[in-house]
Structures are given as C-alpha cells and as structure tokens.
2 protein chains.
Amino acid sequence: MNAPDPDLDPVVDDPGITTFGLLLEAHARLSKVLDVELRASDGITLQTYEVLLRVGRAPQGWVTMSDLADVVTLTTGGVTRLADRLEADGLVERGSCPTDRRVVHLTLTRKGRTLLRRASAHHVEALDRHLESRLDPADRCALDRSLDQLRRSCDEWRPGTAHVPADAAARAGD
Amino acid sequence: MNAPDPDLDPVVDDPGITTFGLLLEAHARLSKVLDVELRASDGITLQTYEVLLRVGRAPQGWVTMSDLADVVTLTTGGVTRLADRLEADGLVERGSCPTDRRVVHLTLTRKGRTLLRRASAHHVEALDRHLESRLDPADRCALDRSLDQLRRSCDEWRPGTAHVPADAAARAGD
DNA sequence: GTGAACTGTTTGACATGTCAACGAATCTGG
DNA sequence: CCAGATTCGTTGACATGTCAAACAGTTCAC
C-alpha cells in the first residue's frame, strides 16, 4: 500500500530538484566539516568565524547589526542574541554610531582580532583540503559564476514577484 | 583605532573563502526564496517538502528515522521531533519494521502523498524560475559536477583526517 | 516645525535543534 | 546460550533562532 507512487516520478526527477538537492547537501556537509575542524583547531564555531571575518574585514572596521543580519542570514533579533554571546566571550564590542544614534557599531576586540588571524590560517588550510584541491580548475570558475548568479537573482526577487496563483495563497491550509 | 587590519588581508582574501562564501549565500538565499514560495503555494516549509519528497520517492515507500536524519542533516533527536510534528499534521505515519523492532518506518499518509504531488508542481516551477532559467547551460553541468564532488569528498572525511590534536584523532573510527 | 511614516535594535513568548543519557533490540564471539 | 558492544529511537535539559510588539531615533511632507 505504500510503494513509491508512479505518478510522482515524472515530477520528482526534475533536474532542478537534483541540482538544488546537491546544493543543499554540499552546503550541509562542507559546513559540518569546516565547523568541526574550526572547533578542534580554535574552539569556535563556523558561525563565529564568519562573524569575526565580516567584522574584521569591514572597510571601516565595524558593521551594524543589520549589516550582519544580512550576511549571516539571520533576523535582526537573532543577531542581537548572537552579538550578546560574542560580546560575553569578549570577541566583539558594541559601540554607538556618531551620526545615527539608533545604530550599533560592532567592532572586534583585540582578542577577537587575534583569534580571527589564527583561525583564518587554519580555515584557509581546511578550505584548501576540502574545496580547492577537490575541484577541477575549469569547473571552479563556473562554480563561482553560477553561485554568484544564483545569489544575485535571489536578491532581486521580492515576494509577489512570482506568479503564484491568487487563490493559492488563500488555500494554504492543511 | 579599529581600521581593518592590513595583516589580515592576505589571509581573508583567499579564493577558497570567496567560493565558500558564495556557497553559503547562494544556499541561504535560494532556500529562503523557495521556502517563502512553498509556504505561499502549499502552506508547508521547504523542510517539510524535503521530508515528503524523500519519503515519497524511497524505493519501498518508507524510510527509517536514521535515513531521514542523514538526508535532512539533523541529529536523530531532531528527526524524532520533526516526525512528531509531521505526524501531528497527518502527513506521515510511524510504522514498525517487521525485521528489526528497534527501527521505525516512516511512510506518507494519503494526505501527505497528495500534498507532495501538489507541492512538487509548484516547487519545480519555482526552481525553473530561480535556478534553471538563471544559469548558463554549460555552467550548469560544471555546477552539478562540482557540488557532487564536494558532497562526496566531505562524506569520505572523518574527524582526525585533518591535522588536529591527537586526542581528537583517537576517536576516528566508527 | 510638527506629525506621520519609517528604520534600527531589543525583548518576551515560543519554535526548533543539539547533546548526552537512556532503554530496548540486535549483533558478536566465546 | 550469554555478556558485552553496538545500533535505533526517544527524552530532558538546554542552546539558538523566529516573530511580532515595543521603543527610540530619523526622515519626509506639509
């Protein structure tokens, strides 16, 4: 009574589903590996590293909470809590913006800066092992191009841009 | 006092960091878009869709909790709770395995099957708009190849493969 | 100027995931 | 056949993220 539905196969074998599935899995597996190695070598998560990196290489040496929310793909509420933890760990500092008193400037502490430099060496080495050395150099360019294209085209998209049938939104029930 | 550290630049501009950053962002943005559209068209999250898809196209019509944990990249504890919610929504059912009484078989209910079929149509269409139509056909192949390669090489990896402290390597076998 | 609309951040209530400990079922080698 | 090691799934305690409401500061139009 529960054999795979033949009606389903034409639709679930779509090449787009395959590519997207590969994207999901490659992302998950690579992130997991890099996270585990970063914890082992520097005692921080991949997410913490990403924050340190974004703050550390910001042109002025700081980012706002909203900036950060965008690059780490969290809500601003999530970033508030993330910043709380990193500040408690002494890696970043909150500061106020001289030109807009709503804004919070996040900067690296000395400790954060040192840690970023140390972790970067390990992280780059890990990326070499898991990413660079595994890819065909020709495919590498196409990979960068494709990913950038996807990122860009999703940024353009806004809810409602899609031709979702008007009745579908109403019928969203279960 | 907090200008970007010149010492940092050589290391944070590594091409591997760039590619990995693109992977993170492309994944996050594309997932977000597809999730929003799936919610609008069928009232389910992308994660729910992924589960329905995996269960629905499993060769025997069912998957175990551990199988599912692997493909959706959650711990088994997380899958227990995910299955609880989907079962409460009437989309999947737990069943027992005739040959191993520890194992739980997850199958689609009729409702889950219907929903999967309906959502698949919308999802495939969304993938066409956001993925297929955006990519250069030649790059598409390279993208699939690269992602598959990354996924595969991460699967081979085991903690300890890297040059991490010896006590971490001691736990290598499983 | 001043009120309305908007933006940036925080917060409480809640959703969702992890981790480690656990019980039950299964395997394995004497 | 049995003791120990292993595997599968669940659970409690806790970590982390979302959502919407709230608040302060800013901008805009009149």
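The basis for the numbers below is simple: all heavy atoms, side chains too, and nothing from hydrogens, waters or symmetry mates. In what follows, chains carry the letters A, B, and so on, assigned in the order in which the sequence lines appear, proteins first and then strands, with residues in each chain numbered from 1.
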Original post:
salt bridge (charged side-chain N to carboxylate O under 4.0 Å, His left out) between Arg117(A) and Asp42(A): does it pass, once the steps are laid out?
Top reply: CA-CA 11 Å; Arg117(A) 202 165 327 156; Asp42(A) 299 273; over 6 Å; no
Original post:
Are Asp89(B) and Arg85(B) close enough, and set up right, to give a salt bridge (charged side-chain N to carboxylate O under 4.0 Å, His left out), and what steps lead you there?
Top reply: CA-CA 6 Å; Asp89(B) 288 345; Arg85(B) 295 192 297 271; over 6 Å; no
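Protein atom CD of Gln47(A) is 14 Å distant from nucleotide atom P of dT18(C), rounded to whole Å. Rounded to whole Å, the distance from CG on Asp35(A) to C1' on dT16(D) is 14 Å. Atom pair Arg39(A):CZ and dC19(C):C1' shows a separation of 11 Å (rounding to whole Å applied). Atom C1' of nucleotide dG17(C) and atom CG of Leu74(A) are separated by 14 Å, given to the nearest angstrom. Following rounding to the nearest Å, Glu50(A) (CD) and dG17(D) (P) show an atom-to-atom distance of 13 Å. Between Glu87(B) atom CD and dT10(D) atom C1' the separation is 13 Å, expressed in whole Å.
Within the 3.5 Å criterion, the main-chain N or O of Val104(B) finds no donor-acceptor partner in the side chain of Thr64(B).
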**OP:** Scan nucleotides 1-12 of chain C nucleotide by nucleotide, 5' to 3', and note B when protein non-hydrogen atoms come under 4.0 Å of the base, S if they reach only the sugar-phosphate, - if neither.
**Re:** ------BSBBBB
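Listed by first and then second residue, the ring pair (Phe, Tyr, Trp, His ring centres under 6.0 Å) pairs that reach into residues 132-156 of chain A come to none, sequence neighbours excluded. Among pairs with a residue in residues 133-147 of chain A, those fulfilling side-chain hydrogen bond (donor to acceptor under 3.5 Å, both in side chains) read Glu132(A)-Arg140(A), Asp139(A)-Arg145(B), Arg140(A)-Thr19(B), Asp144(A)-Thr19(B), Arg145(A)-Asp139(B), at least two apart in sequence or across chains. Sorted by first and then second residue, the pairs that involve residues 97-106 of chain B and meet side-chain hydrogen bond (donor to acceptor under 3.5 Å, both in side chains), not counting sequence neighbours, are Asp100(B)-Arg102(B).
Considering only heavy atoms from C-beta on, Thr109(A) comes within 4.5 Å of Glu93(A) through its side chain. Within the 4.5 Å cutoff, side-chain heavy atoms of Gln47(A) are placed close to those of Leu74(A).
Within residues 23-34 of chain A, no residue has any heavy atom under 4.0 Å from DNA chain C.
Transitive grouping of hydrophobic side chains (ILVMFWY, heavy atoms separated by less than 4.5 Å) keeps Val103(B) and Val79(B) in distinct clusters.
Mapping Thr75(A) and Arg101(A) onto DNA chain D by nearest heavy atom places Thr75(A) closer to the 5' end of the strand.
Using a cutoff of 4.0 Å between basic side-chain nitrogens and carboxylate oxygens, Asp84(A) and Arg94(A) are scored as salt-bridged.
Classified by interplanar angle (parallel below 30°, tilted 30° to 60°, perpendicular above 60°), the ring pair Tyr49(B)/His123(B) is tilted.
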Subject >> Nucleotide pairing, DNA chain C (Watson-Crick or G-U, distances under 3.5 Å), in dot-bracket with [ ] and | >> reply: ||||||||||||||||||||||||||||||
